[in-house]
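What follows is a set of notes on a single structure, which appears directly below.
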Protein chains: 2
Amino acid sequence: MSKLRDVAERAQVAVSTVSAALNGTRPVAAATKRRIEQAAAELGYRPNLLARGLQSKRTRILALLFPAPRSGFGLTEMQFATGAAEAASELGYHLLLSPENADPIEELRHLTGLGLVDGVLLMEVGLDDERPEFLSAAGVAFSMIGRTREPGSIDYADIDFAATARDAVAHVAGLGHRKLAFFNLSTDTYAAQYGPAIRAEIEFAGAARAAGIDYVDDFRPGSAEEGRQAFEELVAAHPDVTALAVMDDHAAVGVIAAVAARGWRIPEDLTLLLVLSSARVAEMFHPRLTTLEPPSAELGRLGARMLIDRLRGDAPPQQRLVPCRLVIGDSSAPPREGRTV
Amino acid sequence: MSKLRDVAERAQVAVSTVSAALNGTRPVAAATKRRIEQAAAELGYRPNLLARGLQSKRTRILALLFPAPRSGFGLTEMQFATGAAEAASELGYHLLLSPENADPIEELRHLTGLGLVDGVLLMEVGLDDERPEFLSAAGVAFSMIGRTREPGSIDYADIDFAATARDAVAHVAGLGHRKLAFFNLSTDTYAAQYGPAIRAEIEFAGAARAAGIDYVDDFRPGSAEEGRQAFEELVAAHPDVTALAVMDDHAAVGVIAAVAARGWRIPEDLTLLLVLSSARVAEMFHPRLTTLEPPSAELGRLGARMLIDRLRGDAPPQQRLVPCRLVIGDSSAPPREGRTV
DNA sequence: ATGAAAGCGCTAACAC
DNA sequence: GTGTTAGCGCTTTCAT
């Protein structure tokens, strides 16, 4: 690989001039600059990132802290990663995929001590996550996909649950439904204070209230079987429910089976919405489900961009909320009068 | 961050001794070594990877070349990445997620010119992929997940299509089926010479022949609608088919709808297998489909390990084939006598 | 506007 | 077994 000195020799100038010309660090005569650029092109010169980083203390590498795949892990998480990698790449940065082990704080301490990364991108941020605090204290730049309970003035990109719930409720209310039920993520996930589970539950209740339609929640099925069961309980307790929003896609499988088992049909007898699941998953169902698709790639992109802005010292920390996209499928329709339980 | 010199001062030795003690590069007296280790621990010393890499020409960073998400992109690709990242991490390496743009070769030239990575991990390798050749010529270490038509003596980990097909055929033949049909990936994917599409088609035909059961292929539905259609055509032309293996999960959705539309049931009237789709996707179906689940994370792991072995100069290039795992669901059963078309 | 030279933190000869 | 020293390729003063 040719180096700065080779370019300097070929262009008949000093290395520092080449460095300046290529980085725009200081004024260089137009003619000189052209000579240098040509020499660099001819030699196929590529700056050595290690040497540059060693000197400048900036590697232009970002780390994406990747949690150990939990169940229910899927496209969404992957899209965070690819979105972030793309945005980083466009801005001249690289993305390191850093799997998180049992002790995330120790992992962070290790990773940031290496001098390898300029900043850290956190995903799967819990409401009481301790990582942000650690990073702040350590003086490491970071941004989050998701957010803690009280994120304060920190860079983050998260789903706009309020808008998402509003859109979902408006959709079913607009179809004429008067009573909506909500199935959250599994009990375990909810108990673990997983942000989306908590926030979606709050916002759906609020949106239903604001729209003036009846609302039931308190169901947290995490599997097909639990979904089936929850649906039976729901119908028994609230036979007048005509629309249902489900967070967990396995639970949705159970709901659909239960609906079919009682001879009901979707969407005639029940409007079914999948919340926070990708359209690709929704297409696996028959009929194709109406979905509130999370803007995963966009969040990944935003997270990376924010972090890079922070490193460049540009603006103050940003907080960005992006709503899910309502993708209307074949599972929503006006309620049918006189459905028999 | 404390550096080598700080440790040296605190332990009252020369920097080179510290380096040697910490890296085991040359013999160090036990007592000295202990002093050094203690000093390092007290200072929370972390080696600067950039400095080390600049000097040693080895960064212990691997790049995973990540193709632009095509449709049908999902869990599998993500598991390559996480598997590779985990394996790398366990062996003291880091994994850079490098999104590929329109010109993969140029991308590679750029990436490898930076001096940032020791080697490259290729995924989504096409039968006529030009990247391996480029990397070989450039003298860059690499390994592949998947393989070209004639990979030769190159490190790769791929699905064992022969074993997978054999297992699938054995499963349906064992249930008593006498005629199996095969739906490949979409026509486009097949035309693009996507390895799995080509190899699976060949091996299923071969396995059926070897097992002595009748076999039909030549269907390549890439969507639910195409799946429905293909199934209708299949039944019209081959009413005696009782088992079907499908590669594309959207096509499977169409097949299931078509089966239901004619009043048939799975598995009573048709045994349905999903090939190369994750068990998580198979669970989205009702009934839960029998699946041949690709060993994605394992392939990612193997790919990373092979590459690291290569970098360490240990063994000769390895070729590893891993069969899919047969996960038996509720969609396979013995054929029913006297099914009416 | 350009050049010379001093490191960034580490490894690896080479001496002793 | 341990110390001294010369770089790795780059950025960045400081001269000129």
Side-chain angles (χ1 to χ4, degrees), chain A residues 1-37 39-40 43-61 92 94 110 112-118 311-312, chain B residues 1-37 39-40 43-61 92 94 110 112-118 311-312:
Chain A
M1 210 61 226
S2 61
K3 40 199 192 190
L4 215 47
R5 216 185 51 193
D6 301 333
V7 180
E9 278 172 8
R10 186 171 246 265
Q12 306 272 36
V13 290
V15 280
S16 59
T17 307
V18 178
S19 172
L22 263 28
N23 296 310
T25 317
R26 74 183 186 193
V28 172
T32 317
K33 185 166 177 181
R34 230 178 326 97
R35 278 218 319 288
I36 290 171
E37 277 163 355
L43 292 169
Y45 170 76
R46 306 266 172 217
N48 181 311
L49 255 35
L50 297 181
R52 170 180 287 175
L54 180 57
Q55 168 69 10
S56 66
K57 304 289 176 203
R58 301 174 64 254
T59 60
R60 298 187 158 252
I61 300 176
H94 290 270
H110 178 82
T112 58
L114 263 19
L116 186 59
V117 304
D118 288 348
L311 290 168
R312 288 179 174 163
Chain B
M1 211 64 225
S2 58
K3 39 200 192 188
L4 213 50
R5 216 185 50 193
D6 301 333
V7 180
E9 278 171 11
R10 186 172 247 265
Q12 307 273 37
V13 291
V15 280
S16 61
T17 308
V18 179
S19 173
L22 263 28
N23 297 309
T25 317
R26 72 183 188 192
V28 172
T32 317
K33 184 166 178 181
R34 234 181 320 97
R35 279 217 320 287
I36 290 172
E37 276 163 356
L43 291 170
Y45 169 77
R46 307 266 170 218
N48 182 311
L49 254 37
L50 298 181
R52 170 181 289 176
L54 181 57
Q55 165 66 18
S56 65
K57 304 287 175 205
R58 301 176 64 253
T59 61
R60 298 186 159 254
I61 299 177
H94 291 269
H110 178 83
T112 55
L114 263 18
L116 186 58
V117 304
D118 287 348
L311 291 167
R312 288 181 174 160

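What you see is a predicted model, and the numbers here were worked out from it, not measured in a lab. Chain letters run A, B, ... following the sequence lines, proteins first and then strands; every chain starts at 1. Atom set for the values below is all heavy atoms of this structure, side chains included, hydrogens, waters and symmetry mates excluded.
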Please test Leu49(B) against Ile61(B) for side-chain contact (heavy atoms from CB on, under 4.5 Å), starting from the C-alpha separation and ending with a verdict. CA-CA 10 Å; Leu49(B) 254 37; Ile61(B) 299 177; 6.0 Å; no
Where is the tightest heavy-atom contact between Thr32(A) and Val28(A), given as atom of each residue plus distance?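 So the two residues come closest at CB-CG1, 3.9 Å.
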Check whether any side-chain heavy atom of [X] sits under 4.5 Å from a side-chain heavy atom of [Y], and report yes or no.
X	Y	value
Asn23(A)	Arg52(A)	yes
Tyr45(A)	Val18(A)	no
Thr17(A)	Arg26(A)	yes

Holding to salt bridge (Lys or Arg N to Asp or Glu O under 4.0 Å), I want the full list of residues that pass it with Arg35(B), two or more places apart in sequence or in another chain.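 Residues passing salt bridge (Lys or Arg N to Asp or Glu O under 4.0 Å) with Arg35(B): none at all.
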Test log, rule side-chain contact (heavy atoms from CB on, under 4.5 Å), inputs Leu116(B) and His94(A): CA-CA 10 Å; Leu116(B) 186 58; His94(A) 290 270; 4.2 Å; yes
Interatomic distance, [X] [atom1] vs [N] [atom2] [rounded to whole Å]:
X	N	atom1	atom2	answer
Lys33(A)	dT2(C)	NZ	P	11 Å
Arg35(A)	dA1(C)	CZ	C1'	12 Å
Glu9(A)	dG3(C)	CD	C1'	14 Å

Check whether Thr59(B) reaches the backbone of Gly53(B) with its side chain - one donor and one acceptor, N or O, closer than 3.5 Å.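 Pair absent, no side-chain N/O of Thr59(B) close to backbone of Gly53(B).
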Degree of bending in the helix from dA1(C)-dT16(D) to dC16(C)-dG1(D) once both end axes are built from five pairs, to 10°: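 Inter-axis angle at the ends, rounded: 40°.
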Nucleotides 9-16 of chain C: protein proximity per nucleotide (B base, S sugar-phosphate only, - neither; heavy atom, under 4.0 Å): BBBBBB--
